[in-house]
Amino acid sequence: MLDLAIIGGGPAGLTAGLYATRGGLKDVVMFEKGMPGGQITSSSEIENYPGIPEVMSGMDMMDKWPKQCMRFGLKHRMDEVSRISKRDDGVFEVLLLGGEVVEAKSVIVCTGSTPRRSGVKGESLFFGRGVSTCATCDGFFYKDKEVAVLGGGDTALEEALYLANICSKVYLIHRRDEFRASPVTVEKVKKNQKIELVLNSVVDEIVGDNAGVNGVFVEDKHGNKRDLKVPGIFVFVGMNVNNEVLMQEDGKPLCELSENGNVVVDLKMKTSLKGLFAAGDLRVDASKQVVCAAGDGATAGIQALEYVNE
Ligand code: FAD
Ligand code: NAP
């Protein structure tokens, strides 16, 4: 039986693993369905992680994190977890996608969040064929071409700036005339000559053919319509909480969740269920920053260590 199962290998999961193993827990496995690193690996640049003055890509920043954890004995299994449950004898069961069940004394859930879809007509049809949620991954396909970006938060504006370095023009489409993004980023966007703000506007439809997207129909609040002839649109309209692993067979969650589906935790990252901890973006009131997710992970790792040793 594992001492600790960590679900998710983003900044929260990796840091939880670092603290738990370095603190002395022996059998600690981090289940990560993809490569460790988390959602920040899709970011073109990060400049607000303390102690790293250089601006770097999310991929570069996360590169060394797994190596540091493995040094203290954290094991990584590239597996997707379907469900976490707890038996009457207090043992947790981690059900993997392939059907295997792994027993653990304690669990830290760090499954983070996933880019939300806008629901615009044509978005699903052309997803991966001109519709993208990752500028770092797909931006290069649009070198010297015009693209559209949908959204008004930090992600949309930062990625619009990144795309402006590669593409000939970026239409930034936002449904209001005020942005949710931080003022410093808004200023940079407004100053960028390659970014055209398409404000108070919604996307009516993403259109294309067998080759992929070839246009985006936009309408402003006065009913004025525009046909943007772009081969690509990047959708950054927020994130969904990855809480599916907590849902039991009867449809109820394993621990208390907020109205929005975030895991309710106390300051020690303890959930409403003993031995189950949650850290990072999926918990209530998360600041949704790498440094905060890492901090949560450290707290959860220390608490899991205490729980198992007790
Ligand atoms: P995540 O990073 O989301 O990691 C969760 C991990 O769990 C993922 O690797 C996922 O594959 C895995 N997982 C999910 N479900 C399962 C499952 N069922 N089984 C196994 N594995 C699973 N923050 C900053 O501080 N500065 C920035 O500049 C910044 N820029 C950003 C730019 C972009 C484009 C985005 C999307 C986010 C940005 N953020 C930034 C926010 C930051 O990335 C997150 O706050 C942080 O990654 C949260 O870490 P986490 O470990 O909680 O979750
Ligand atoms: P977000 O802050 O929730 O912003 C989502 C944006 O999409 C909003 O502007 C919203 O419009 C718009 N939107 C939502 N649904 C839409 C729809 N169906 N159609 C059109 N537009 C829609 O999401 P995010 O930008 O991904 O950021 C997520 C979190 O990560 C935030 O807490 C953010 O601060 C953080 N983050 C931080 C950094 C950084 O620190 N540098 C970078 C990236 C992300 P409205 O504004 O009208 O609601």
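Only heavy atoms go into these numbers, but all of them, side chains included; no hydrogens, no water, no symmetry mates. Counting convention: from 1, in listed order, for ligands and their atoms alike.
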Which residue and atom name correspond to the protein heavy atom nearest [atom], and how close is it?
atom                    : result
atom 42 (C) of ligand 1 : Val290 CG2, 3.9 Å
atom 15 (N) of ligand 1 : Thr111 CG2, 3.4 Å
atom 19 (N) of ligand 1 : Val81 N, 3.0 Å
atom 13 (N) of ligand 1 : Lys33 CE, 4.0 Å
atom 24 (C) of ligand 1 : Gln289 OE1, 3.4 Å
atom 47 (O) of ligand 1 : Gln39 CG, 3.3 Å
atom 30 (N) of ligand 1 : Ile40 CD1, 3.5 Å
atom 34 (C) of ligand 1 : Thr155 CG2, 3.5 Å

Do the side chains of [X] and [Y] get close enough for a salt bridge, i.e. N-O under 4.0 angstrom?
X      : Y      : value
Arg77  : Glu100 : yes
Asp154 : Arg180 : no
Asp281 : Arg283 : no
Arg87  : Glu93  : yes
Lys26  : Asp3   : no
Lys86  : Glu103 : no

Under a 4.5 Å cut-off applied to non-hydrogen side-chain atoms, are Phe92 and Leu2 in contact?
->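 Not touching, per the 4.5 Å side-chain cut-off.
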
Output all residues satisfying side-chain contact (heavy atoms from CB on, under 4.5 Å) with Asp204, sequence neighbours left out; order by chain, then residue number.
-> Val202, Phe217, Glu219, Lys225

Set of residues satisfying side-chain contact (heavy atoms from CB on, under 4.5 Å) with respect to Lys221, sequence neighbours excluded = Asn200

For ligand 1, does [X] get within less than 4.0 Å through its side chain, its backbone, both, or neither, judged by non-hydrogen atoms?
X      : result
Ala293 : side chain
Ser113 : backbone
Val245 : side chain

Name each donor-acceptor pair under 3.5 Å that joins a side chain in residues 54-70 to protein atoms two or more places apart or in another chain, with its distance.
from: Ser57; atom 1: OG; to: Asp60; atom 2: N; distance (Å): 3.1
from: Ser57; atom 1: OG; to: Asp60; atom 2: OD2; distance (Å): 3.4
from: Trp65; atom 1: NE1; to: Met61; atom 2: O; distance (Å): 3.3

So, for Tyr142 and Phe234, is the gap between ring centers shorter than 6.0 Å?
->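 Tyr142 vs Phe234: aromatic centres under 6.0 Å.
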
Among the clusters formed by ILVMFWY side chains lying less than 4.5 Å apart, do Val107 and Ile6 turn up in the same one?
->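 No; Ile6 is not reachable from Val107 via cluster members.
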
Option nearest [atom] (shortest heavy-atom distance, choices [options]):
atom                    : options                    : answer
atom 50 (P) of ligand 1 : Pro11, Ala135, Gly38       : Pro11
atom 10 (C) of ligand 1 : Glu32, Glu80, Arg77, Arg83 : Glu32
atom 5 (C) of ligand 1  : Ala12, Gly8, Cys110, Gly58 : Cys110

Decide whether an N or O pair under 3.5 Å exists between [X] and ligand 1.
X      : value
Glu159 : no
Asn48  : yes
Ser42  : no

Residue of the set Glu146, Gln193, Glu196 for which side chain to side chain donor-acceptor pair (under 3.5 Å) holds with Lys169 = Glu196

Say whether Asp79 and ligand 1 are in contact under the criterion: heavy-atom distance to a ligand atom below 4.0 Å.
-> yes

Could a heavy atom of Gly9 be found less than 4.0 Å from some atom of ligand 1?
->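 True for this residue.
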
Which N or O atoms of ligand 2 sit under 3.5 Å from a protein N or O, and how far apart is each pair?
from: ligand 2; atom 1: 9 (O); to: Gly152; atom 2: N; distance (Å): 3.0
from: ligand 2; atom 1: 9 (O); to: Gly153; atom 2: N; distance (Å): 3.3
from: ligand 2; atom 1: 11 (O); to: Arg175; atom 2: NE; distance (Å): 3.2
from: ligand 2; atom 1: 11 (O); to: Arg175; atom 2: NH2; distance (Å): 3.4
from: ligand 2; atom 1: 18 (N); to: Ser118; atom 2: O; distance (Å): 3.4
from: ligand 2; atom 1: 25 (O); to: Asp154; atom 2: N; distance (Å): 3.3
from: ligand 2; atom 1: 25 (O); to: Thr155; atom 2: N; distance (Å): 3.1
from: ligand 2; atom 1: 25 (O); to: Thr155; atom 2: OG1; distance (Å): 3.2
from: ligand 2; atom 1: 26 (O); to: Thr155; atom 2: OG1; distance (Å): 2.9
from: ligand 2; atom 1: 34 (O); to: Asp154; atom 2: OD2; distance (Å): 2.8
from: ligand 2; atom 1: 40 (O); to: Asn48; atom 2: ND2; distance (Å): 3.2
from: ligand 2; atom 1: 40 (O); to: Gln289; atom 2: OE1; distance (Å): 3.1
from: ligand 2; atom 1: 40 (O); to: Gln289; atom 2: NE2; distance (Å): 2.9
from: ligand 2; atom 1: 41 (N); to: Glu158; atom 2: OE2; distance (Å): 2.6
from: ligand 2; atom 1: 46 (O); to: Arg176; atom 2: NE; distance (Å): 3.4
from: ligand 2; atom 1: 46 (O); to: Arg176; atom 2: NH2; distance (Å): 2.8
from: ligand 2; atom 1: 46 (O); to: Arg180; atom 2: NE; distance (Å): 3.0
from: ligand 2; atom 1: 46 (O); to: Arg180; atom 2: NH2; distance (Å): 3.4
from: ligand 2; atom 1: 47 (O); to: Arg175; atom 2: NE; distance (Å): 3.0
from: ligand 2; atom 1: 47 (O); to: Arg176; atom 2: NE; distance (Å): 2.7
from: ligand 2; atom 1: 48 (O); to: Arg175; atom 2: NH2; distance (Å): 3.0
from: ligand 2; atom 1: 48 (O); to: Arg180; atom 2: NE; distance (Å): 3.4
from: ligand 2; atom 1: 48 (O); to: Arg180; atom 2: NH2; distance (Å): 2.5

